[in-house]
Amino acid sequence: MSDTQDSPTEEPPADEQLTGEYDPADIEPKWQAHWVAEDTYAYDASDDEPGADADTRFSIDTPPPTVSGNLHMGHLYQFTLQDFVARYHRMADDSVYFPFGYDDNGIASERLTERELDIRHQDYERREFQKKCREVCATYEEEFTEDVQSLAISVDWSNTYKTIAPEVQRVSQLSFLDLYEQGREYRQRAPTIWCPDCETAISQVEQEDEDKSTKFNDIAFDLVEDSSGEADDDATFTISTTRPELLPACVSVFVHPDDDANQHLVGGTARVPLFGQEVPIIADERVDMETGSGLVMCCTFGDQNDIEWYQAHDLDLRLAIDESATMTDVAGDYQGMHTTEAREAIIDDLDAEGYLLESRDHDHTVQVHERCGIEVEYLVTEQWYIKMLDKKDEYLDAGREMEWFPEKMLSRYQHWIEGLEWDWCISRQRDSGIPIPVWYCDDCGEPIMAEKADLPVDPLSDEPPVSSCPECGHDDLTPEEDVFDTWATSSLTPLVNAGWDWHTDESADAADSADGEGGEFRMDNPELYPFDLRPQGHDIISFWLFHTVVKCYEHTDEVPFENVMINGMVLDENREAMSKSKGNVIPPSEVLENFPVDAARYWAAGTSIGDDFPYKEGDLEAGERLLQKLWNASRLVDQLTPAQRPTEPDELSSVDRWLLAELDATVESVTAKFEDYAFSKARNELRSFFWNSFCDDYLEIAKQRLSDGGDRSTEFTLLTAHRTFLKLFAPFLPHITEELWDRLDYAAGESGTDGSVHTTDWPVAGGYEADLAAGETAMEVVSALRRHKTENGLPLNADLDHVEVYGYISGFEDAVAEAMHVETLDVYEDAPDISTEVSGIDLDYSIVGPEFGSDVGAIDAGIESGDYEIDGETLVVADEFELGADCFEIEESRIYSGDGEMTETESAVVVVR
RNA sequence: GGGUCCGUGGUCUAGUUGGUUAUGACGCGGCCUUUACAAGGCCGAGGUCGGUGGUUCGAAUCCGCCCGGACCCA
C-alpha cells in the first residue's frame with residue numbers, strides 16, 4: 001500500500017470514540033489491500049515436521065476458474081461460500097491452505113484469445129498461437145485476481161498456479177505416464193465430434209442444440225434380398241432422411257424389432273440409390289418408429305446413433321466427408337463438393353432417376369458447435385483413453401467415502417457412474433493444451449513414452465528419449481500432435497496443490513525399478529492430502545469431481561477429499577438462469593457499485609448449500625442494514641465502556657450472566673452450523689441473537705445500568721460479548737469486523753495475533769451458567785412493556801408508575817425496571833390474582849395419537865362438544881377415554897377486572913397500573 | 001426423449017424420525033423521534049405448503065399420477 005494515510009496501523013488511538021457512520025466505500029478497499037500486502041492469509045507450514053498434526057490444517061482444493069472471460073455472479077457466490085469455510089477454519093484450526101489457480105489450458109482460453117485478438121488459430125504456427133494465448137490469459141488472470149481480492153476472498157496469494165504452467169504440465173504428463181505404466185490407458189481409433197468450420201475436434205460440452213428447418217426426403221431403396229433371401233426385382237422400401245449427402249456413407253439400414261410391418265426385411269440386403277453399395281438390414285431398438293417411414297439408414301457418421309450402431313454391429317466404415325466438410329472419393333461423382341452443394345446435387349439426381357418420392361419441410365434439432373453455430377460432423381481418429389468402466393464399483397465406493405454437503409448430491413455422482421458407457425477420451429486436437437508426451441514408431445506404431453525426469457516435454461519440439469524404436473529398431477519416430485483434454489489436467493489439482501512429483505532416488509531402491517528410472521512419487525506437503533474440502537458447483541460433478549476422484553485414487557490409492565461441498569447456481573430475480581442470450585446477466589461490478597462487499601457476502605450466505613439461489617437486491621439491502629446496526633451498536637458499546645476491558649469480577653450480576661450464557665449457546669450453535677456448512681442457519685441465528693437479544697434487550701438494559709457510572713460486571717460483559725460478536729461475524733463480514741477490531745484496539749487484549757480479527761482464535765463457550773428461564777421471562781416482560789407503550793402511543797422512555805409481574809424473573813427485577821423506566825415493580829411468583837376459566841383443552845397428539853389411534857376422532861369430538869371432565873390429573877372424555885396428565889394441557893383465559901391494563905406473555909402476566 | 005433434484009404468504013426462505021397455532025427475512029399498512037441506530041422500535045394484514053389421488057387417528061413431511069422449473073445426459 002503506497003498511501004500511508006490509509007494505513008490501518010495509523011488509525012486514531014483507541015481511546016478516541018467511534019464516530020459517524022460506517023463508510024464501506026473507503027474502508028473495504030483499505031482492508032483488501034492491507035490483507036494482501038500483509039499476507040494475512042498465508043498458509044503456515046512452519047510446524048510442518050514429520051508427525052505434525054494434519055488435523056490442525058484445513059486444506060481446500062479451490063476450483064480454478066476457466067480463463068474465458070470476466071468474473072460473474074456465480075464466481076462471487078461460489079468463492080464467497082468457500083471463503084466462509086476458509087475464514088471459519090482459519091480461526092477454529094491452526095492453519096488453512098486456501099490456494100488459487102487458473103485453468104488456462106483449455107479450448108475456452110483458445111477461444112478467448114481468438115475473440116480478444118480477432119484472429120484464427122489456424123492462421124498461426126502452434127507455438128506462436130500458444131504464446132498469444134498465454135499473453136491474453138495473463139491479462140485476464142491479473143484482472144480476475146484483483147476482482148477476487150476485492151471480494152475479500154481470503155486466498156493465500158503465495159500459493160497460486162496456472163494449469164498451463166510448466167510445473168502443472170509436468171504433473172499432468174507424469175499422471176499420463178503413471179496411468180500408462182499401470183495399464184490404465186490405451187489408444188484407439190474412434191469417432192470424434194468435429195467442427196468442419198473450425199477444423200478441430202471438439203468435446204461434447206462444446207456442442208449445443210439448435211432447432212433448424214430443413215427438408216425431410218423420402219428416398220426409395222432397392223431391396224436386394226429380404227429375410228427369406230429372395231426379393232422381387234422391383235421391390236423397394238422408403239427411407240426418410242434430412243441428409244441425403246450421406247447416402248455414399250450408408251453402411252446399413254435399421255428396423256425396430258417391434259416394427260411388424262417391416263420385419264420381413266431384417267436379415268436382408270438393400271442397394272443404396274445412385275451409389276449402388278449393398279448394405280445389410282438389421283434390427284435395433286434404437287430406431288425411432290415414429291419418425292419417417294420407421295426405417296432408418298446408418299451412415300458413418302451422421303450422428304451419435306450412427307456411432308453406436310457402427311460399434312454395436314461392427315459395420316463397415318465409409319467416410320464420405322472430410323475435415324473441411326468436403327465430399328471424399330467415396331462420394332464418387334460428387335467428390336470435391338461441399339456437403340451443402342452435394343446435398344442439392346444428390347436430391348436433383350435422385351429426383352431425376354425417380355428415387356425421390358417426396359420432399360417436405362421438417363423442423364428438427366441438430367448439434368452445432370456452440371462457438372460458430374455450424375453443424376458438427378463425426379470423424380474417425382486415433383484417441384487416447386483412460387479405462388474407467390472396469391472400476392465403476394471402486395469409484396462408487398470412493399464417492400461414498402466422502403462426506404457430501406448436501407448429502408443428496410452424492411446421488412448425482414452415483415447415477416453418473418452407473419450410467420457410464422464409455423471410457424474417458426483424454427486426447428484433443430487443439431493448439432494450446434498440454435502435449436501428450438509420446439512418440440510413435442513409424443514402422444510398428446509402438447508408442448514411446450517420455451522419461452519422467454525430462455517432463456514437461458513437447459514432442460513436437462523435443463527429442464524422443466530413444467533414437468530408435470525399442471520394439472522393432474526402426475529409426476523414424478513421429479511425435480504425437482494431440483494435447484490433453486483440459487479435465488485431464490484440472491482433475492489433478494489436489495496433487496498439484498500437495499506438490500506431488502516424481503523424485504529420482506539416488507538410494508539403492510533405484511535398482512528395483514524395471515524401467516531403470518529409479519524413484520518414486522512423493523508430495524512436498526503430504527499433510528494437505530487428502531484435502532479436507534472440495535468445493536464446487538453441481539454442474540461439474542460428473543466432470544471435475546468424478547475425474548479428480550478417478551485420477552487421484554489411481555495415483556495415490558486414496559480418496560482425495562474428506563468433504564465435498566456442492567453449491568448451486570446463481571439465478572436472476574425471476575429464478576431464471578443468467579445467460580447472455582436472455583440478457584439477464586448481472587455483473588458483480590454492477591452490484592458492488594451499489595452495495596458493500598460485506599452486504600453481497602451477507603446475501604451469499606442466505607441459502608442452504610446446494611440449492612440454486614436467486615440474486616435478490618432486498619437481501620443485499622438487509623445486509624447493508626446489518627452492517628449499520630453492527631456499527632451503531634459498536635458505537636454504543638464504545639461509549640458505555642472504558643478503553644480497556646476490566647477484569648472479570650468475581651460475581652457477575654444475573655442479567656450479565658444471562659447474556660453471557662445465552663451467548664455461549666449461540667457460540668456453540670453457530671460453530672456447529674459452520675462445521676456443517678450451514679451458512680444460512682449460522683447467519684440467521686447469529687443475526688437474530690445479536691439484533692433481538694443483544695441490541696434490543698441487553699443493550700437497553702446496559703445503557704440504563706451504566707447511566708449512573710461504571711459497573712464492572714456490565715462493562716466486562718458488554719466488552720466480552722462485543723468481542724465475541726465481532727469474531728462470530730468475521731467470516732461473513734470481514735471488512736466491518738476488521739475495522740471495528742482495529743478501531744477499538746481489541747488486538748491488544750488478544751495473545752498471539754498479528755492484529756487482525758481473522759487470525760484470532762474462534763470463540764468457545766465460556767461456561768457461564770445463568771437462570772435462563774428467569775432471563776427469558778424477564779425479556780418477555782420487557783417486550784410486553786414495550787408493546788404496552790407502543791399500543792398506548794407512549795414513547796419508549798415514558799415512565800411507568802407501577803407494574804405488577806406475575807411470573808418468575810428472579811434476579812432480573814432491577815434490569816426490567818430500569819430498562820423500561822418503571823418506578824415500582826412488584827413481582828409475584830404465584831398465579832395472578834385474577835379470575836380464570838377453562839376455555840379449552842390442548843391435546844398433545846404425539847402422545848394421544850399413538851395411544852388412542854383411531855379413537856382420536858371421538859376424543860376430539862368429545863372435547864369440541866364439551867363432553868369431558870377434569871378429574872385431578874386425568875382428563876375423562878365422553879365417560880370413556882381417560883387421558884393422563886402428559887396428554888393434555890388446560891387452556892385458560894384470564895379475565896382481569898382490576899385497575900390498569902393486563903398483558904399476557906408466554907410465561908408471565910404483566911399488569912400496568 | 002431419459003435421469004437427478006426442486007416447488008411453502010407478493011418475493012426469498014426454515015421446517016430433524018409424520019404430531020398442538022407452519023419459521024424468519026424482504027416488501028406492504030399503521031403507530032412511536034427512546035441521549036447507538038427512522039437504514040430504528042412496536043403492532044398488523046397476508047399461506048387450502050404446485051395440482052390430484054392414496055397410506056394414516058393425523059401429511060408441508062410418506063407413496064402414485066399430473067403440472068411447472070433447474071441441472072446432467074441423449
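Numbered from 1 within each chain, the chains take letters A, B, ... in sequence-line order.
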| message | Side chain of A:D611, heavy atoms from C-beta onward: which of B:A36, B:C71, B:A14 has the nearest atom to it? | response | B:A14

| field | A:S608, nearest nucleotide to its side chain (from B:U13, B:A36, B:A39) | value | B:U13

| task | Classify the side chain of A:K408 versus the base of B:C5 as yes if they form a donor-acceptor pair under 3.5 Å and no if they do not. | result | no

| request: Assign A:E617 to base, sugar-phosphate, or nothing according to its heavy-atom contacts below 4.0 angstrom with the strands shown. | output: nothing

| field | Of the listed nucleotides B:G3, B:G41, B:C12, the one nearest the side chain of A:H415 | value | B:G3

| request: Measure from the side-chain heavy atoms of A:R625 and tell me the nearest of B:U13, B:G40, B:A25. | output: B:G40

| Of all the choices, B:C26, B:U4, B:U20, which nucleotide is nearest to the side chain of A:Y845 once you look at every atom? | B:U20

| For B:C57, what is the paired nucleotide under Watson-Crick or G-U wobble rules, both distances under 3.5 Å? | B:G19

| said: Any base atoms under 4.0 Å from A:N305, or only sugar-phosphate, or nothing? Heavy atoms, all strands. | reply: nothing

| query | Contact class for A:N684 (heavy atom, under 4.0 Å): base, sugar-phosphate, or nothing? | reply | nothing

| said: Would you compute the distance between atom CE of A:M820 and atom NE2 of A:H788 and round it to the nearest 0.5 angstrom? | reply: 11.5 Å

| query | Counting only Watson-Crick or G-U wobble pairs whose two distances fall under 3.5 Å, which nucleotide matches B:A45? | reply | none

| remark: Side-chain contact check for A:E700: nearest option of B:A36, B:C71, B:C42 is B:A36

| task | Using a 4.0 Å heavy-atom cut-off across all strands, classify A:K616 as base, sugar-phosphate, or nothing. | result | sugar-phosphate

| Would A:R743 and A:E739 count as a salt bridge (charged side-chain N to carboxylate O under 4.0 Å, His left out) if you check the C-alpha gap in whole Å, the side-chain angles of each, and the deciding distance to 0.1 Å? | CA-CA 6 Å; A:R743 289 275 283 269; A:E739 176 71 9; 2.9 Å; yes

| task | Please give the nucleotide sitting opposite B:C5 as a Watson-Crick or G-U wobble pair, both distances under 3.5 Å, or none. | result | B:G69

| query | With both distances kept under 3.5 Å, what pairs with B:A38, Watson-Crick or G-U wobble? | reply | none

| note | Quick note, A:S542 side chain, CB onward, closest among B:G19, B:C72, B:C12 is B:C72

| note | Closest of B:C26, B:U13, B:A36 to the A:C695 side chain is B:A36

| task | For A:W631, report the nucleic acid contact type (base, sugar-phosphate, nothing); a contact means any heavy atom under 4.0 Å. | result | nothing

| task | List the atom of A:Y413, the atom of A:Y395, and the distance in Å for their closest heavy-atom pair. | result | OH-O, 2.7 Å

| said: Looking only at side-chain N and O atoms, does A:N632 offer a donor or acceptor that is under 3.5 Å from a partner on A:R635? | reply: yes

| What distance separates A:D742 CG from A:T737 OG1, expressed to the nearest 0.5 Å? | 11.0 Å

| Should B:G10 form a Watson-Crick or G-U wobble pair with both distances under 3.5 Å, which nucleotide is its partner? | B:C26

| field | G-U wobble or Watson-Crick pairing nucleotide for B:G64 (cut-off 3.5 Å, both distances) | value | B:U52

